[in-house]
Structures are given as structure tokens and as C-alpha cells.
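The chains referred to below are lettered A, B, ... by the order of the sequence lines, with proteins before strands, and numbering in each begins at 1. None of these values were measured; they are calculated from a predicted model.
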Amino acid sequence: KAGVTQTPRYLIKTRGQQVTLSCSPISGHRSVSWYQQTPGQGLQFLFEYFSETQRNKGNFPGRFSGRQFSNSRSEMNVSTLELGDSALYLCASSPDGGGGYGYTFGSGTRLTVV
Amino acid sequence: KNEVEQSPQNLTAQEGEFITINCSYSVGISALHWLQQHPGGGIVSLFMLSSGKKKHGRLIATINIQEKHSSLHITASHPRDSAVYICAVTPNTGNQFYFGTGTSLTVIP
């Protein structure tokens with residue numbers, strides 16, 4: 001079966017712009033969570049969506065937002081990009097997001113802000 | 001304050017050696033995960049544990065819920081095992097991960 005698909009794989013944006021990243025989960029998975037990975041901070045949780053509702057949110061500014069569609073695909077948006085937003089953004093899908101069924105990660109989107 | 005602590009941070013081993021990576025956590029959990037990340041970024045979920053021990057090939061993961069501690073063992077290590085290994089927990093209070101900082105493993109032929 002198809003895995004978790006993230007698009008695009010690479011992205012270069014200018015400071016002040018906004019960006020939208022996409023994550024298509026495994027068919028049947030209703031939970032999608034997003035993570036930021038930087039060399040300095042490691043992996044950090046951004047937010048998790050389940051059945052189109054945000055269930056949990058990490059400690060990131062309001063410039064980071066997301067949504068989930070009825071087909072469980074999710075998008076993440078970052079507005080007013082800063083240099084420090086350069087990172088690998090990963091999403092993971094799970095049937096329920098509750099830790100009981102495991103998570104499958106996408107390959108990530110590498111965002112560079114210049 | 002880190003909910004998940006891993007050790008060591010870096011590890012270099014000779015091919016064939018037995019390797020242990022440790023993870024301690026401070027929150028109540030519904031599951032603990034061991035993840036592997038190769039250069040290039042993709043993350044693979046190796047194990048999900050809520051008790052006991054799991055084995056997959058040369059990899060073994062154990063967890064002690066009472067002591068809030070888990071170990072990942074690699075037997076007969078091989079250069080292709082070189083990667084960053086990350087411990088993560090799913091707290092029983094929410095639907096997310098807390099991550100350790102990762103252990104960078106290099107296995108030398």
C-alpha cells in the first residue's frame with residue numbers, strides 16, 4: 001500500500017513569504033501529525049489533526065497553522081517566514097493517533113528560507 | 001526540561017560489536033517508539049512498545065515501565081546500521097510525541 005506522501009520534497013522561500021506543505025496519509029489513517037526538525041532543536045511536535053479537528057498543538061507561534069480535509073489529507077502553512085523556519089518538516093499518519101497502532105512517517109519537506 | 005533523555009549522544013562502533021542505546025522518560029506513556037533516521041531525513045519506525053521486549057532481526061528493544069526506561073540493542077552491528085536512532089514517547093495525556101535528541105551511530109567496517 002502507498003506510504004505517507006509529502007509534497008514538495010524541497011522548497012526555497014524568501015523571508016516574509018508564506019508556504020504551504022502537503023501530507024497525504026496512508027489510506028484509512030485518520031490522524032496526521034506534523035513535526036519540525038532542526039539541527040539545534042531536534043524533532044519538535046507542531047500539531048495533530050484527527051477527523052478534520054486539531055486535537056493537540058505544540059509550542060509554536062501562531063504563524064504555524066494547519067488543517068485537515070475530509071479525505072484526511074493535511075496541509076501545514078507557515079506565514080511571514082523567518083530564517084529560523086528553515087528545517088525539515090515531517091508528517092506522520094496513524095489510524096487513531098493514540099499510540100496504539102504506530103505511526104508511519106513521510107520523507108519530509110526540506111524548507112530553506114533565504 | 002526534556003521529557004525524554006537519550007544516551008549516548010554519539011556512538012562509534014566496530015563492525016560486529018553489540019550496541020546499546022538507552023532512553024529514559026519522565027511522563028506517563030501509552031507507548032514508546034524507536035525511530036531510525038538515515039542521512040537525507042526519512043524516518044523509519046523500528047519498534048513501538050508498551051511493555052516487555054520486541055525483536056526484529058538483529059534489533060531488540062526492551063522497556064521497563066516501572067523504571068521509565070527503554071533500551072535498543074543492535075547485535076552484530078553492520079555499517080548499514082549507521083544512522084541516528086531516536087527515542088520518542090506518546091504520553092497518555094495527549095496525542096503527540098515527545099522526542100529524545102537522538103543517538104548518532106557510526107559503525108566502522
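Hydrophobic clustering places B/Leu46 together with B/Tyr25 (ILVMFWY residues linked when any side-chain heavy atoms are closer than 4.5 Å, directly or through intermediates). Linking Ile, Leu, Val, Met, Phe, Trp and Tyr residues whenever their side-chain heavy atoms come within less than 4.5 Å leaves A/Tyr89 and A/Phe105 in two separate clusters. Placement of A/Phe64 and A/Leu83 within a single hydrophobic cluster is found when ILVMFWY residues are connected by side-chain heavy-atom separations under 4.5 Å, directly or transitively. No path of Ile, Leu, Val, Met, Phe, Trp and Tyr side chains, each step under 4.5 Å between heavy atoms, connects B/Val44 with A/Val32, placing them in separate hydrophobic clusters. The hydrophobic cluster containing B/Leu72 also contains B/Val107, counting ILVMFWY residues as joined when their side-chain heavy atoms lie under 4.5 angstrom apart, directly or transitively.
Pairing each heavy atom of B/Phe99 with each of A/Phe45, the nearest pair is CE1-N, 4.5 Å.
Counting only heavy atoms from C-beta outward, the side chains of B/Thr90 and A/Tyr103 approach each other to under 4.5 Å.
Within 6.0 Å of atom CD1 in A/Ile12, 12 or fewer heavy atoms from other residues, nucleotides or ligands are found, so the atom counts as exposed in its surroundings. Within 6.0 Å of CG in A/Asn71 there are more than 12 heavy atoms belonging to other residues, nucleotides or ligands.
A distance of 8.0 Å separates CG of B/Leu35 from CG of A/Leu43, quoted to the nearest 0.5 Å.
Residue pairs that meet the disulfide bond (SG atoms under 2.5 Å apart) test with at least one member in residues 17-67 of chain B, sequence neighbours left out, are B/Cys23-B/Cys87.
With a threshold of 4.5 angstrom between heavy atoms, B/Leu32 does not approach chain A through any atom at all. Neither the backbone nor the side chain of A/Gln41 comes within less than 4.5 Å of any heavy atom in chain B. Residue B/Ile29: no heavy atom, backbone or side chain, is found under 4.5 Å from chain A.
At a heavy-atom cut-off of under 4.5 Å, chain B is reached by no residue from residues 15-22 of chain A.
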